[in-house]
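Chain letters run A, B, ... following the sequence lines, proteins first, then strands; residues in each count from 1. Remember, it's a predicted structure, so these values are computed and weren't measured experimentally. Keep in mind that the numbers below use all heavy atoms, side chains included, and drop hydrogens, waters and symmetry copies.
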Amino acid sequence: IIFSLIRLDTSIELKLNDVHMHFSFGLRIVESARSCSCFYSKPQRTTVKSEHCCWFPRDFFKARATFLCFFCSPPRIKDEPDDDGFYASPKEDSKPLKRPREDDDLLVLEHVFRERGNTVPGSNRFFLILQDSKAKKAKSKDKKVPEADKRKKPKKEEEQKWKWWEEERYPEGIKWKFLEHKGPVFAPPYEPLPENVKFYYDGKVMKLSTKAEEVATFFAKMLDHEYTTKEIFRKNFFKDWRKEMTPEEKSTITNLSKCDFTHMSQYFKAQSEARKQMSKEEKQKIKEENERLLKEYGYCVMDNHKERIANFKIEPPGLFRGRGNHPKMGMLKRRIMPEDIIINCSKDSKIPPPPPGHKWKEVRHDNKVTWLVSWTENIQGSIKYIMLNPSSRIKGEKDWQKYETARRLKKCVDKIRNQYREDWKSKEMKVRQRAVALYFIDKLALRAGNEKEEGETADTVGCCSLRVEHIKLHPELDGQEYVVEFDFLGKDSIRYYNKVPVEKRVFKNLQLFMENKQPEDDLFDRLNTSILNKHLQDLMEGLTAKVFRTYNASITLQQQLKELTNPDDNIPAKILSYNRANRAVAILCNHQRAPPKTFEKSMMNLQSKIDAKKEQLADARRELKSAKADAKVRRDEKSKKTVESKKKAVQRIEEQLMKLEVQATDREENKQIALGTSKLNYLDPRISVAWCKKWGIPIEKIYNKTQREKFAWAIDMAEEDYEF
DNA sequence: GTAGAAACTTAGAAGCCTACTC
DNA sequence: GAGTAGGCTTCTAAGTTTCTAC
């Protein structure tokens with residue numbers, strides 16, 4: 001399809017031509033001083049089957065008419081397979097996609113409107129709205145829809161999605177061409193405590209200065225948390241708190257144990273309680289205010305598409321909550337001011353103004369990065385960013401690309417495995433270590449394991465940074481030979497504990513690597529992530545340690561789904577199978593969670609529901625039996641009907657019972673396992689979409705609304721025969 | 001080639017919200 | 001209408017990878 005938009009001095013011409021269909025279509029918007037009018041030429045053939053609908057909001061053109069123009073849909077990318085049947089993902093190859101980017105063209109429109117001085121609120125900006133073929137077909141079938149209704153803006157959000165995955169992508173390195181946003185939302189200023197809320201030191205009331213009081217409230221708000229009992233947390237907090245005190249306060253407050261924050265804490269609890277008790281109207285008011293904030297600051301315009309921002313609020317000040325045994329926990333996270341903020345946007349965009357009386361640290365126009373706002377935090381000195389939501393084009397393209405890289409690994413993984421098996425025998429120690437580490441990364445889905453600065457973060461490790469103390473070698477254990485016992489803290493200080501039988505050569509190599517070493521010495525002393533990734537890059541373009549995790553997670557899901565799905569099962573049972581497949585991946589990737597506090601109670605509740613349902617079923621069966629007996633004697637229509645209805649009741653209760661039992665199994669198996677992380681980050685969504693399509697499972701049963709938005713590209717493109 | 005900075009992805013916890021139950 | 005369980009969203013820490021400067 002040729003889609004072009006030409007701007008002529010005071011008029012704009014939009015043309016859609018489909019040569020193959022002998023179908024041409026034109027549309028002209030003529031700008032006049034006050035408004036613009038439009039006309040379009042009718043398609044020459046009226047029998048053209050349209051799959052997509054290109055729709056422009058009525059108010060956008062400020063013209064009275066709404067026009068719906070139908071055109072032949074661009075072929076699905078999958079319909080044009082390349083040699084190996086892989087999709088052309090962003091960056092993966094340079095073949096242009098089926099439809100050129102509309103952004104540049106629409107950009108012209110954007111400027112026309114800007115020049116004209118029209119204020120175009122985000123929601124009314126230029127959207128190409130594409131409906132999926134099913135929605136379209138459904139619409140065309142329904143001929144009774146009144147004309148007025150047809151003109152109505154489609155309400156369903158699904159209908160308004162921009163299919164960026166059908167467009168051409170930017171050249172390598174370019175992330176956007178136009179970016180405009182409103183800047184960040186700052187944390188609300190500190191509100192001093194009411195006079196009646198007291199702080200006590202050494203049993204006596206003490207009025208704190210505003211700065212010291214603010215930091216004290218951070219601690220008071222966390223009083224019930226385990227953090228405040230930890231020595232490091234208390235020490236760090238006290239040190240930083242004292243920096244905020246006046247000289248008088250500093251000389252008085254010398255011991256944290258003598259500080260009494262309980263009154264403050266009670267005040268915050270009461271406030272929180274009051275919030276819960278607020279009237280409907282008050283809650284509604286807050287909701288509306290949040291919505292207003294979201295509407296104003298929660299979106300940006302990137303290349304003429306309104307995109308949701310992931311985190312438009314600046315992190316408020318507070319006490320640093322490092323995970324695990326973090327040496328910096330309790331330190332004061334200072335308040336971020338506009339003077340700390342770097343704004344990134346287009347030169348020709350409306351640059352967000354800083355709050356009155358302030359200025360930005362810098363305004364830059366770097367379209368080689370994806371962030372909108374950045375600042376440096378004071379705990380680790382690292383940079384924090386405001387970026388787009390996972391549903392955005394920029395994140396989606398990257399996600400898609402990630403899975404395509406993993407699929408490329410699938411094609412050469414056997415070769416790579418053979419290679420590292422060979423390398424176990426290498427004369428070079430470095431090569432052997434690299435090969436054993438890669439074996440672990442591949443087999444156990446371990447993370448790469450970068451080196452970390454000692455004393456700056458919690459002591460956690462990944463594969464390359466494993467130490468001798470993290471593994472135990474068992475020539476024989478529980479009837480298995482060559483077992484390696486892993487026990488270490490990984491990301492987020494989550495414990496990795498696993499006993500794995502390995503190949504003899506790996507075992508012997510590990511013995512070698514551990515020779516003459518102390519427990520705190522590096523297991524792979526000749527290796528780091530940089531060396532490993534460089535080697536991987538040589539094996540396959542774009543290959544890094546992380547890709548193995550993605551690949552193994554996705555391939556495991558696909559295999560497990562094939563193994564566990566029983567075609568005769570009903571929907572709940574199939575979903576249980578899906579969750580079990582997902583769980584296999586979560587276990588592989590060691591995605592753990594703390595068991596929910598209410599777990600035991602909720603399981604007990606569920607069990608009592610099951611028991612009650614069983615009783616109900618027994619009653620229903622008894623009733624059915626007696627109805628049958630009754631019908632045998634009476635032999636009339638009425639008693640026959642009664643039998644039928646009793647039968648149905650039994651069936652219904654059986655189904656309900658089964659559902660509850662499945663729910664209980666699922667919940668029990670999920671007690672300490674987090675499924676979300678793998679679902680969101682490691683599993684190629686097209687596998688799940690294909691599985692849903694194959695078995696007629698509504699996608700909503702697998703992905704919630706947010707997840708469907710993130711994986712819109714996959715939902716649109718994957719068919720039931722999709723193979724990872 | 002290397003180190004450190006920058007950029008971006010992955011992660012679990014916490015709190016909010018909503019649907020369900022009584 | 002109140003209470004609550006659990007799903008969903010938000011938050012931000014903690015990783016990995018890439019970029020840049022020397």
Side-chain angles (χ1 to χ4, degrees), chain A residues 173 175 222 225-227 272 275-277 280 283 286-287 290 294 298 310-316 318 320-324 326 328-329 333 342 344 366 368-371 374 376-377 379-390 394-395 398-399 402 441 447-453 456-458 460-465 489-494 528-534 536-537 542-547 549-550 553 586 589-594 596-599 601-606 609 663 667 670 672-682 703-707 709:
Chain A
K175 302 292 168 62
M222 290 179 74
H225 203 288
E226 202 198 335
Y227 271 121
S272 149
R275 262 197 303 275
K276 280 180 200 159
Q277 299 302 325
K280 250 186 179 175
K283 281 182 182 169
I286 292 173
K287 203 177 166 188
N290 286 337
L294 175 71
N311 55 326
F312 59 91
K313 288 178 185 165
I314 298 282
E315 293 171 23
F320 178 68
R321 301 181 181 208
R323 309 248 170 92
H326 202 294
K328 294 189 171 182
M329 65 168 84
K333 256 179 70 165
I342 302 174
N344 192 31
D366 184 358
K368 293 192 175 57
V369 295
T370 65
W371 55 267
S374 77
T376 305
E377 54 92 35
I379 305 289
Q380 328 255 17
S382 63
I383 305 169
K384 299 253 179 166
Y385 302 94
I386 287 182
M387 289 184 186
L388 294 193
N389 190 270
I394 217 159
K395 295 287 182 191
K398 203 72 193 296
D399 212 33
K402 174 181 77 185
I441 285 170
R447 294 188 185 84
N450 286 306
E451 285 153 293
K452 295 168 79 184
E453 220 175 310
E456 290 292 301
T457 55
T460 62
V461 295
C463 185
C464 294
S465 50
L489 297 182
K491 183 177 177 178
D492 291 325
S493 295
I494 298 288
N528 60 37
T529 52
S530 170
I531 294 170
L532 178 69
N533 279 339
K534 250 178 215 149
L536 294 176
Q537 204 64 236
L543 185 61
T544 63
K546 191 165 77 89
V547 181
R549 234 166 121 79
T550 312
C589 295
N590 199 38
H591 291 145
Q592 294 185 36
R593 63 164 184 173
K597 282 167 198 153
T598 52
F599 184 81
K601 199 182 158 200
S602 79
M603 277 312 278
M604 270 164 61
N605 287 346
L606 193 54
K609 268 188 198 173
Q663 199 183 344
R667 196 178 294 176
N670 239 18
Q672 294 193 70
I673 297 161
L675 299 186
T677 307
S678 50
K679 202 185 238 185
L680 281 177
N681 301 299
Y682 290 105
Y703 292 134
N704 66 31
K705 187 170 163 271
T706 313
Q707 292 163 341
E709 280 168 2

It should be established whether [X] places a side-chain nitrogen or oxygen under 4.0 Å from OP1 or OP2 of nucleotide [N].
X        : N      : answer
A:Asn311 : C:dC11 : no
A:Lys368 : C:dT18 : no
A:Lys175 : B:dC8  : yes
A:Thr706 : C:dC8  : no
A:Asn533 : C:dT17 : yes
A:Lys313 : C:dT12 : no
A:Gln380 : C:dA13 : no
A:Asn681 : B:dT9  : no
A:Thr677 : B:dG12 : yes
A:Arg447 : C:dA14 : no
A:Thr460 : C:dG15 : yes

Nucleotide nearest [X] (side chain, heavy atoms from C-beta), chosen from [options]:
X        : options                : result
A:Glu315 : B:dC8, C:dT12, B:dG12  : C:dT12
A:Lys398 : B:dT2, C:dA14, B:dC8   : B:dC8
A:Arg321 : C:dA14, B:dA14, C:dT16 : B:dA14
A:Tyr682 : B:dG12, B:dT10, B:dC8  : B:dT10
A:Ala594 : C:dT17, B:dC8, B:dA13  : B:dA13
A:Val369 : B:dA6, B:dC8, B:dA11   : B:dC8
A:Thr544 : C:dA13, B:dT10, C:dT18 : C:dT18
A:Lys546 : C:dC8, C:dA13, C:dT17  : C:dT17
A:His225 : C:dA14, B:dA14, B:dA6  : B:dA14

ask   = Going through the distances and angles, do A:Leu388 and A:Thr370 end up as a side-chain contact (heavy atoms from CB on, under 4.5 Å)?
value = CA-CA 8 Å; A:Leu388 294 193; A:Thr370 65; over 6 Å; no
What contact category does [X] fall into here, base, sugar-phosphate, or nothing, at under 4.0 angstrom with non-hydrogen atoms?
X        : answer
A:Thr529 : nothing
A:Arg549 : sugar-phosphate
A:Gly381 : nothing
A:Ala310 : nothing
A:Pro316 : sugar-phosphate
A:Gly449 : sugar-phosphate
A:Gly490 : sugar-phosphate
A:Lys333 : sugar-phosphate
A:Asn450 : base

Does [X] reach the main-chain N or O of [Y] with its side chain, forming a donor-acceptor pair under 3.5 Å?
X        : Y        : value
A:Lys328 : A:Ile379 : yes
A:Asn681 : A:Thr677 : yes
A:Asn528 : A:Cys464 : no
A:Lys452 : A:Ala458 : yes

Tell me: [atom1] of [X] to [atom2] of [N], nearest whole Å?
X        : N      : atom1 : atom2 : result
A:Trp371 : B:dC8  : CH2   : P     : 9 Å
A:Leu388 : B:dT9  : CG    : C1'   : 15 Å
A:Lys384 : B:dA7  : NZ    : C1'   : 14 Å
A:Lys402 : C:dG15 : NZ    : C1'   : 14 Å
A:Lys452 : C:dA13 : NZ    : C1'   : 11 Å
A:His591 : B:dA11 : NE2   : P     : 4 Å
A:Asn590 : B:dT10 : CG    : C1'   : 14 Å
A:Asn290 : B:dC17 : CG    : C1'   : 12 Å

key: Residue mapping more 5' on DNA chain B - nearest nucleotide basis, A:Gln592 or A:Met387   = A:Met387
ask   = More than 12 non-hydrogen atoms from neighbouring residues, nucleotides or ligands closer than 6.0 Å to CD on A:Gln537, yes or no?
value = yes
message = I want to confirm an ordering. Mapping A:Ile314 and A:Gly542 to their closest nucleotides on DNA chain C, which one lands closer to the 5' end?
response = A:Ile314
request  = Decide yes or no, distance alone: a donor-acceptor N/O pair under 3.5 angstrom between the base of B:dT10 and the side-chain of A:Lys491.
outcome  = yes
task = Say whether A:Ser382 and A:Glu377, considering side chains only, have a donor N or O and an acceptor N or O under 3.5 Å apart.
result = yes
key: Modelled atom types, side-chain donor and acceptor of A:Arg321 and A:Tyr227, under 3.5 Å   = no
